[in-house]
Q: 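Sending over a structure as structure tokens; questions will come in a sec.
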Amino acid sequence: MAKPFNICKICGAKKLVNFAGLCKKCNNTVAGLKIAENAFEKNQQMLTEMKAHQSEELKEKQALEEMDELTSEQKKRLLELSPGINTIAELDKQVKKTDEETKEEKPNKK
């Protein structure tokens with residue numbers, strides 16, 4: 001990954017900086033170590049929150065897909081959660097395809 005050319009948080013010089021905003025010289029100091037640790041912890045916390053948010057969205061999407069009839073608001077939300085689908089018409093086509101596949105999987109019981 002390329003390092004951006006920016007101002008160092010400690011010395012204020014315009015140099016190549018790492019993810020914490022520190023130049024190579026300042027990154028090896030005690031103050032730099034503390035800043036880098038804080039940046040790393042914030043990054044880990046953000047990733048954890050993002051994973052939790054994604055899992056919640058996945059559960060919501062699965063719940064909406066399992067419903068037989070959707071209201072217009074539910075269709076809009078499902079459209080937001082489906083990145084490959086751009087319009088409600090495409091969403092309806094996708095739902096019809098999955099309904100047909102489900103019917104083919106289940107044999108008719110007599």
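Count residues from 1 along the sequence.
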Q: Does Gln62 CD have over 12 foreign heavy atoms under 6.0 Å away?
A: yes

Q: Give the minimum heavy-atom separation between Ala39 and Phe19, together with the two atoms involved.
A: CB-CE1, 3.9 Å

Q: Please test Glu49 against His53 for side-chain hydrogen bond (donor to acceptor under 3.5 Å, both in side chains), starting from the C-alpha separation and ending with a verdict.
A: CA-CA 6 Å; Glu49 290 174 1; His53 182 69; over 6 Å; no

Q: Please check: side-chain N/O of Lys9 versus main-chain N/O of Ala20, any donor-acceptor pairing under 3.5 Å?
A: yes

Q: Nearest 0.5 Å, please: how far is NZ in Lys24 from NZ in Lys15?
A: 11.0 Å

Q: To the closest 0.5 Å, what do you measure between SG (Cys8) and NZ (Lys25)?
A: 9.0 Å

Q: Do you know which two heavy atoms are closest between Ser55 and Ala52, and how far apart they sit?
A: OG-O, 2.8 Å

Q: Out of curiosity, Gln45 CD to Lys42 NZ, how far, rounded to the nearest 0.5 Å?
A: 9.0 Å

Q: Just verifying a value: how many Å separate Glu37 CD and Lys34 NZ, rounded to the nearest 0.5 Å?
A: 9.0 Å

Q: Evaluate the side-chain contact (heavy atoms from CB on, under 4.5 Å) criterion for residues Asn6 and Val17: first the C-alpha distance (whole Å), next the side-chain angles of each, then the deciding distance (0.1 Å), finally the verdict.
A: CA-CA 6 Å; Asn6 211 343; Val17 295; 3.8 Å; yes

Q: Here's a test for you: under side chain to side chain contact (heavy atoms under 4.5 Å, CB included), which of Asn18, Ile10, Ile35 qualifies with Asn27?
A: Asn18

Q: Calculate, to the nearest 0.5 Å, the distance between atoms CD1 and CG belonging to Ile7 and Leu22 respectively.
A: 13.0 Å

